[in-house]
Amino acid sequence: MATQTAITTQGGSAPKRLRIEVDQQGVPTTFDVTIKPTITEAYPVKMSMHAEIRRNVLERFRAGSAALGLPQEPDVPAGSVLLVQATQQQTRDDTDHEPIFRQESNFHYLFGVREPGAYGVIDVDTRRAILFMERLPEEYQMWMGRHKTLEEFKAIYEVDEVRWHDELPAFLGSRAEPTVYVVNGPNADSGNTFTGPEFPDSDKCKIDTSTRFFNALIEARVFKTEAEIELMRHVNIVSSEAHLAVMQHCHPGLKEYQLESLFRHWCYYHGGARFMAYTCICGTGPNCSALHYGHAGAPNDRAILDGDTCLFDMGGEYHCYASDITNSFPANGTFTDDQKMVYEAVLAANLAVMASIKPGVSWVDMHELAYLKILEKLKESGLVVGDIDSMMKANLGSVFMPHGLGHFMGKDTHDVGGYMPHRPQRPTEFGYKGLRTATVLQAGMCITVEPGCYFIEHLLEKALANPEQAKFIDQTVLERFRSFGGVRLEDDVVVTADGVENLSWTPRSVEEVEGVCQGRITSRFDLECAYVRK
């Protein structure tokens with residue numbers, strides 16, 4: 001039988017400021033968080049953002065790879081066009097079930113088009129942008145509603161011209177020996193190669209599959225326009241406030257997926273974010289040590305226990321722009337001494353990196369700084385012993401943080417451009433090779449700062465079997481942390497001319513985390529700004 005009660009936290013902390021129904025074990029059966037949403041509607045995206053992006057890409061394309069310090073390609077022939085293709089609507093396996101459609105990132109970046117099956121053309125000489133929208137059978141209208149006209153598509157997407165997609169071959173054929181540049185190049189994160197579009201009569205055109213268009217497009221995506229940054233502020237605030245709601249509602253006895261559900265609901269209900277930017281990671285207890293927990297084999301289904309640490313890595317996506325935020329906190333709202341020690345080790349790394357980011361700084365150096373700060377705190381606790389410099393030489397930091405410090409953000413969570421030919425190449429040492437970019441930071445780059453400290457059994461066993469690392473680890477102290485899990489703190493930041501702007505709005509100090517969990521902090525504006533926010 002459900003009863004109404006005020007949820008209190010272990011250790012006599014102030015009660016959470018909400019009254020909710022709980023079962024006989026005191027587990028919430030409803031939610032009624034008191035976090036105040038500051039965004040309550042979808043963001044009004046202007047298509048002028050995509051027009052500016054097309055201009056940027058075209059300027060980079062015209063300049064060629066020489067502008068990146070790479071060998072210059074041949075001159076672009078007169079009458080050339082850039083051609084991109086939208087994703088086709090897919091069905092699940094052999095059924096007619098259609099998953100919710102999400103547009104291909106490069107196509108959406110250039111045109112902002114939501115519908116599948118389209119083509120986009122940019123005339124290199126005239127700068128005209130032309131869409132070729134899918135012509136659907138008339139009977140589709142009883143399932144999908146009235147079809148938009150070409151004039152309506154033109155008004156919505158603010159391009160120079162719109163035609164039907166089956167007119168593309170005739171359009172290209174009407175040009176004298178057209179050279180069609182397509183996107184062709186590798187994704188450094190997946191290892192997959194993006195290949196150009198397919199269309200009828202393509203053999204009648206000269207298809208240029210060099211990396212000229214690819215390099216221009218990917219390099220443009222690395223540097224965000226002000227309009228893109230403003231949109232990313234929106235999706236970060238929505239996701240941040242969803243995290244606050246999850247932290248306040250969390251209670252031992254709930255399932256991890258119940259908090260994932262609350263996060264998804266908040267992002268869609270308050271911010272119009274229909275998609276998540278990636279699979280939600282809702283790790284509690286030992287699950288916090290699985291870096292990408294939440295997959296099909298472990299679908300956020302563990303019951304949360306009193307005394308657990310929670311590591312929740314979740315981000316909404318809006319207009320195909322991602323957020324990627326991680327908060328770690330005690331399930332019962334009050335840190336134990338061990339939880340506080342690990343948390344403050346990661347926080348020290350987070351704050352040190354934030355304070356050091358500026359144009360000209362090496363991201364590899366920032367990764368190393370995170371290792372240094374974490375090891376310093378672990379030494380203070382007695383978990384590791386000895387000389388810090390010697391620990392760094394033995395790469396001890398990678399035992400506790402085996403992933404890279406962060407990654408580019410934008411149209412994709414792990415956004416493109418991390419390892420272009422003109423940028424520093426991937427390090428080879430363990431831990432460092434997990435970096436998704438080794439770049440030197442420049443203004444306009446959007447990147448995540450996500451240091452972590454984990455107790456991953458197989459990495460601990462390898463370290464204890466390695467005399468060069470084992471000598472620094474106090475195995476007696478380590479036993480306390482074998483099933484601890486881990487802590488990660490992740491913020492999305494934009495590099496500015498003289499530092500960094502943090503797009504995320506979540507608690508970072510121990511006092512703020514407990515304040516949100518216990519219901520004393522109910523608004524993002526009550527959080528202290530440890531680094532610049534707008």
Side-chain angles (χ1 to χ4, degrees), residues 2 4-7 9 15-23 25-42 235-285 287-288 293-294 298-306 308-318 322-333 488 490 504-507 512-524 527:
Q4 264 204 353
T5 186
I7 298 299
T9 57
K16 294 187 175 184
R17 296 178 181 175
L18 64 164
R19 300 192 69 83
I20 60 178
E21 290 188 355
V22 298
D23 63 18
Q25 286 73 45
V27 178
T29 58
T30 61
F31 65 84
D32 182 22
V33 297
T34 60
I35 299 300
K36 301 180 181 70
T38 60
I39 290 179
T40 57
E41 59 185 4
V235 71
N236 262 270
I237 291 171
V238 171
S239 296
S240 295
E241 292 181 336
H243 272 283
L244 298 183
V246 165
M247 293 172 70
Q248 188 186 83
H249 183 62
C250 183
H251 189 272
L254 289 173
K255 291 293 185 73
E256 295 162 335
Y257 61 71
Q258 291 177 287
L259 297 172
E260 175 188 0
S261 173
L262 173 55
F263 183 88
R264 287 174 170 272
H265 167 75
W266 185 288
C267 289
Y268 201 1
Y269 186 88
H270 290 295
R274 191 178 198 184
F275 291 91
M276 293 293 101
Y278 51 94
T279 302
C280 291
I281 300 168
C282 301
T284 62
N287 292 341
C288 298
Y293 178 73
N300 296 327
D301 59 354
R302 178 180 180 270
I304 302 170
L305 304 180
D306 194 14
D308 276 349
T309 300
C310 300
L311 187 161
F312 283 14
D313 184 341
M314 302 181 286
E317 177 185 286
Y318 185 79
S323 63
D324 187 356
I325 302 169
T326 306
N327 289 289
S328 298
F329 56 94
N332 59 30
R488 180 163 66 250
E490 181 177 15
S504 308
W505 289 74
T506 54
E512 285 189 341
V513 170
E514 291 184 342
V516 172
C517 291
Q518 296 168 16
R520 298 192 306 274
I521 294 176
T522 60
S523 170
R524 65 185 173 99
L527 301 173

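For clarity, every value in this text was computed on a predicted model and none was experimentally measured. Heavy atoms only: backbone and side chains are in, while hydrogens, waters and symmetry mates are out.
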Closest approach of [X] to [Y] (non-hydrogen atoms, all atoms of both residues):
X      : Y      : answer
Cys288 : Gly283 : SG-O, 3.3 Å
Ala303 : Asp308 : O-OD2, 4.4 Å
Pro507 : Leu244 : CD-CD2, 3.4 Å
Thr279 : Gly294 : CG2-O, 3.4 Å
Gly316 : Ser323 : O-OG, 2.8 Å
Leu311 : Thr326 : CD2-CG2, 3.7 Å

Test item: [X] and [Y] side chains (from C-beta on) under 4.5 Å apart, heavy atoms:
X      : Y      : result
Tyr278 : Asp313 : yes
Cys282 : Leu259 : no
Thr522 : Lys36  : yes
Thr284 : Leu305 : no

Kindly compute the distance separating CZ (Phe275) from OH (Tyr318), expressed to the nearest 0.5 Å. 12.5 Å

Distance from Ile39 atom CD1 to Ser240 atom OG, nearest 0.5 Å? 9.0 Å

By ring pair (Phe, Tyr, Trp, His ring centres under 6.0 Å), Tyr269 pairs with (sequence neighbours left out) His265

Can you list the residues that meet the side-chain contact (heavy atoms from CB on, under 4.5 Å) rule with [X], with sequence neighbours excluded?
X      : result
Ala298 : Tyr293, His295
Pro252 : Asp306, Asn332
Ser523 : Phe525, Asp526
Cys267 : Val238, Ser239, Ala242, Phe263, Ala273, Met276

Qualifying salt bridge (Lys or Arg N to Asp or Glu O under 4.0 Å) pairs with a residue from [range], counting only residues at least two apart or across chains:
range            : answer
residues 323-332 : none
residues 255-267 : Glu260-Arg264
residues 273-284 : none

Taking only residues two or more places apart in sequence or in another chain, which ones pass side chain to side chain donor-acceptor pair (under 3.5 Å) with Asn327? His243, Thr506, Arg508

Residues in side chain to side chain donor-acceptor pair (under 3.5 Å) with Thr38, at least two apart? Glu241, Arg524

Applying salt bridge (charged side-chain N to carboxylate O under 4.0 Å, His left out) to Glu490 and not counting sequence neighbours gives none

Step by step, work out the side chain to side chain contact (heavy atoms under 4.5 Å, CB included) result for Val246 and Trp266. CA-CA 9 Å; Val246 165; Trp266 185 288; over 6 Å; no

How far apart are the C-alpha atoms of Met247 and Ile35, what are their side-chain angles, what is the distance that settles it, and do they pass the side chain to side chain contact (heavy atoms under 4.5 Å, CB included) test? CA-CA 10 Å; Met247 293 172 70; Ile35 299 300; over 6 Å; no

Side chain to side chain contact (heavy atoms under 4.5 Å, CB included) between Ile325 and Phe312: does it pass, once the steps are laid out? CA-CA 8 Å; Ile325 302 169; Phe312 283 14; over 6 Å; no

Just do the side chain to side chain contact (heavy atoms under 4.5 Å, CB included) check on Cys310 and Cys250 with the steps written out, would you? CA-CA 9 Å; Cys310 300; Cys250 183; 3.8 Å; yes

Side chain of [X], backbone of [Y]: donor and acceptor closer than 3.5 Å?
X      : Y      : answer
Asn287 : Arg302 : no
Ser328 : Arg488 : yes
Gln518 : Gly333 : yes

